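Okay, so here's the structure we're looking at.
All residue numbers in this chain count up from 1 along the given sequence. This one's a predicted model, so the numbers in the text were calculated from it and none came from an experiment.
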Amino acid sequence: MIYDVFIALFYLVLVLLAIPVLTFAFQILIAVLPGYRKTAILPNQDRIAILIPAHNESAGIANTLDSIKQQATANTRIVVVADNCTDNTAEVARKAGVEAIERFDQEKRGKGYALDFGVQFLKQSPPEIVMVFDADCQIDTGTIDALANAVVSRRSAIQALYLIQSNPNGDIKSKIAEFAYVVKSWTRPLGFHRLGLPMQLMGSGMAFPWQQIENANLVHGSIVEDMKLGIDLTIAHRAPGFCPEAYVTSLFPEHDAGTESQRKRWEHGHISMIVKEGLPLLLKGITSFNFSIIAMALDLIVPPLAFLFLLSALFALISAIAWMITGDSQPWCLGIVVFLLFTAFVLIAWFKHGRNILPMMSLFAYAPVYAFGKVKLYLNFFKNRQVEWVKSRKD
């Protein structure tokens with residue numbers, strides 16, 4: 001009787017783990033299939049407003065503005081939102097020839113509040129398209145036109161290909177983190193994109209039709225405000241799309257404390273969204289027969305790569321031990337199969353987009369070490385969860 005109960009619990013956990021693993025594998029499988037062609041980038045004449053939320057970014061914002069201004073036309077309006085700044089970010093922006101507005105509110109802090117402040121400012125003279133870029137990123141040539149074309153074509157929010165890269169001389173830990181981010185923001189979204197399915201918003205390189213952003217709920221204070229906005233738009237039948245032809249990059253913080261703070265905010269925020277939104281969103285999509293909502297929910301419940309590795313490895317270990325104790329390969333071998341499937345598609349993703357980041361041997365040798373090094377971060381989710389927005393230290 002106890003054995004039967006244990007088997008039932010095993011299958012329940014297996015299903016809960018298999019859903020994100022199978023979603024992960026499916027996205028990568030579609031991404032690597034041959035035949036994808038990039039969309040041509042054409043000049044766009046729509047009125048565009050670019051919002052750049054910035055908190056104490058005077059040291060590097062001029063470079064970001066320069067990369068944007070090189071693509072700007074007479075129809076492009078660039079607005080820096082200097083949010084709770086204690087430096088001269090606004091002054092640097094004005095000297096660069098763009099608009100700068102300042103916001104001060106120590107109680108309501110975070111990117112969502114800064115974006116809402118910027119949107120309210122734009123209501124005085126509404127554009128047709130609003131784009132959002134972080135103050136520390138670089139915009140590749142053609143990105144603004146590519147995003148504008150995609151917004152007009154899809155009539156929805158669009159996310160550019162946004163990659164956060166390690167320093168060229170960075171250590172192996174930073175290279176593995178870069179690879180994990182590439183899988184999250186490029187390989188997996190490309191799979192869904194090829195099927196016409198939505199993707200999550202990533203924070204920088206976002207573009208919106210004015211009608212969809214002017215009254216959006218941006219002031220909830222979530223530490224993953226972009227992810228929450230993408231879910232809200234999907235529920236409202238305006239699911240965001242992906243535009244891999246638009247390319248935005250930034251660097252991981254060079255300071256270890258800044259890197260850890262950034263990752264803690266991202267990963268705690270993502271896991272919180274899985275807990276709060278994942279299953280309800282999936283059920284909503286199934287009951288309403290809405291494939292966009294189902295796809296967004298499935299994408300959402302795929303946890304950070306290191307966390308998914310730890311979960312699948314732990315489940316495989318438990319399965320192997322149970323197999324040895326009972327001498328029965330059924331059902332225990334299924335737990336091992338899930339882990340092997342996950343590992344195989346990590347390797348496929350590396351072959352697709354990771355070969356230029358780190359060698360295969362480094363991936364196999366150090367990725368488990370990297371994942372196990374984050375156990376404390378994941379345990380802190382239960383006892384010391386980050387719930388407030390904190391700016392990452394960059395220097």
Under 3.5 Å, side-chain donor or acceptor atoms of residues 10-25 against the rest of the protein: list the pairs with distances, not counting sequence neighbours.
| from | atom 1 | to | atom 2 | distance (Å) |
| --- | --- | --- | --- | --- |
| Thr23 | OG1 | Ile19 | O | 2.8 |

Validation: residues 27-40 side-chain donor-acceptor distances under 3.5 Å, sequence neighbours left out:
| from | atom 1 | to | atom 2 | distance (Å) |
| --- | --- | --- | --- | --- |
| Gln27 | OE1 | Arg188 | NE | 2.7 |
| Gln27 | NE2 | Asp299 | OD1 | 2.8 |
| Tyr36 | OH | Glu245 | OE2 | 3.0 |

Validation: residues 331-354 side-chain donor-acceptor distances under 3.5 Å, sequence neighbours left out:
| from | atom 1 | to | atom 2 | distance (Å) |
| --- | --- | --- | --- | --- |
| Trp332 | NE1 | Thr326 | OG1 | 3.2 |
| Thr343 | OG1 | Phe339 | O | 2.9 |
| Trp350 | NE1 | Gly354 | O | 3.4 |
| Trp350 | NE1 | Leu358 | O | 2.9 |
| His353 | ND1 | Thr187 | OG1 | 2.9 |

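Listed for the Asp87 side chain is a donor-acceptor partner under 3.5 Å among the backbone atoms of Ser58. For the pair Gln71 (side chain) and Gly142 (backbone), a donor-acceptor distance under 3.5 Å is present. No donor-acceptor pair closer than 3.5 Å links the side chain of Glu102 to the backbone N or O of Thr89. Between the Glu128 side chain and the Arg47 main chain, a donor and an acceptor come within less than 3.5 Å of each other. Without hydrogens or angle criteria, Lys95 side chain to Ala62 main chain gives no donor-acceptor distance under 3.5 Å. Counting only distance, with no hydrogens or angles, the side chain of Asn75 and the backbone of Gln45 share a donor-acceptor pair below 3.5 Å. Side chain of Arg103 to backbone of Phe117: no donor-acceptor contact under 3.5 angstrom is found. The closest donor-acceptor contact from the side chain of Asn88 to the backbone of Glu91 lies at 3.5 Å or more, if one exists at all.
The 12-atom threshold is not exceeded at CZ of Arg155, counting heavy atoms of other residues, nucleotides or ligands nearer than 6.0 Å. Atom CD of Glu107 sits in a sparse spot, with 12 or fewer heavy atoms from other residues, nucleotides or ligands closer than 6.0 Å. Open room surrounds CZ on Phe289; 12 or fewer heavy atoms of other groups in view lie less than 6.0 Å from it.
The OG atom of Ser250 sits 4.0 Å away from the CD1 atom of Ile164 when rounded to the nearest 0.5 Å. Taken to the nearest 0.5 Å, the OH atom of Tyr370 stands 11.0 Å off from the CD1 atom of Ile172. Atom CG of residue Leu300 and atom NZ of residue Lys276 lie 12.0 Å apart, to the nearest 0.5 angstrom. A distance of 10.5 Å separates CZ of Phe291 from CD1 of Ile286, quoted to the nearest 0.5 Å. The distance from the OG1 atom of Thr143 to the CG atom of Asp140 is 5.0 Å, given to the nearest 0.5 Å. One distance of note links NZ of Lys228 with CG of Leu233; it measures 10.0 Å at 0.5 Å rounding.
Hydrophobic clustering, with ILVMFWY side chains joined whenever heavy atoms are under 4.5 angstrom apart, groups Met131 together with Leu163. Placement of Ile301 and Leu197 in two distinct hydrophobic clusters is found when ILVMFWY residues are connected by side-chain heavy-atom separations under 4.5 Å, directly or transitively. In this structure, Phe309 is a member of the same hydrophobic cluster as Tyr181, with clusters built from ILVMFWY side-chain heavy atoms closer than 4.5 Å. Taking hydrophobic clusters as Ile, Leu, Val, Met, Phe, Trp and Tyr residues chained together by side-chain heavy-atom distances below 4.5 Å, Phe364 shares a cluster with Val183. Residues Tyr162 and Phe192 do not share a hydrophobic cluster, defined by chaining ILVMFWY side chains whose heavy atoms lie under 4.5 Å apart.
Looking only at side-chain heavy atoms (C-beta outward), Val80 and Ile61 come within less than 4.5 Å of each other. You'll find the side chain of Ser166 reaches within 4.5 Å of the side chain of Lys175, heavy atoms only. Annotation: side chain of Val130 is in contact with side chain of Leu51 (closest heavy-atom distance under 4.5 Å). You'll find the side chain of Thr234 stays beyond 4.5 Å of the side chain of Arg238, heavy atoms only. When side chains are defined from C-beta on, Leu305 does not count as touching Lys184, because their heavy atoms never get closer than 4.5 Å. Using a 4.5 Å cut-off on side-chain heavy atoms (C-beta onward), Tyr366 and Lys173 make no contact. For the pair Val152/Ile129, a side-chain contact is recorded, criterion being any heavy-atom separation below 4.5 Å from C-beta on.
Remark: Thr76 engages Ile50, Ala72, Thr73, Ile78 in a side chain to side chain contact (heavy atoms under 4.5 Å, CB included) (not counting sequence neighbours). Shown here are the side chain to side chain contact (heavy atoms under 4.5 Å, CB included) partners of Asp66, two or more places apart in sequence or in another chain: Gln70. Listed by chain and number, the residues in a side chain to side chain contact (heavy atoms under 4.5 Å, CB included) with Pro198 are Arg154, Ala239, Ser292, Ala295, Met296 (sequence neighbours excluded).
Thr64 approaches Ala135 most closely through the heavy-atom pair OG1-O, 2.8 Å. Listed here is the closest heavy atom pair of Ile176 and Ala367: CD1-N, 3.5 Å. Closest heavy-atom contact between Ala93 and Leu65: CA-CD1, 3.9 Å. For Ile235 against Leu281, the heavy-atom pair with the smallest separation is CG1-CD1, 3.7 Å. Nearest heavy atoms, Gly203 versus Val132: O-CG1, 3.8 Å. When all heavy atoms of Ala371 and Leu310 are compared, the pair lying nearest together is O-CD1, 3.4 Å.
Side-chain polar atoms of Asn84 and Gln106 form a donor-acceptor pair below 3.5 angstrom. Side-chain contact annotation: His237 with Asn290, donor-acceptor N/O pair under 3.5 Å present.
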Could you go step by step and tell me if Asp226 and Lys111 meet the salt bridge (charged side-chain N to carboxylate O under 4.0 Å, His left out) rule?
CA-CA 9 Å; Asp226 43 304; Lys111 185 176 178 179; 5.6 Å; no
Derivation of the salt bridge (charged side-chain N to carboxylate O under 4.0 Å, His left out) call for Glu99 and Arg77
CA-CA 8 Å; Glu99 297 177 77; Arg77 183 181 182 188; 2.6 Å; yes
Could you walk me through whether Glu225 and Tyr113 pass the side-chain hydrogen bond (donor to acceptor under 3.5 Å, both in side chains) test, one step at a time?
CA-CA 10 Å; Glu225 64 288 315; Tyr113 294 107; over 6 Å; no
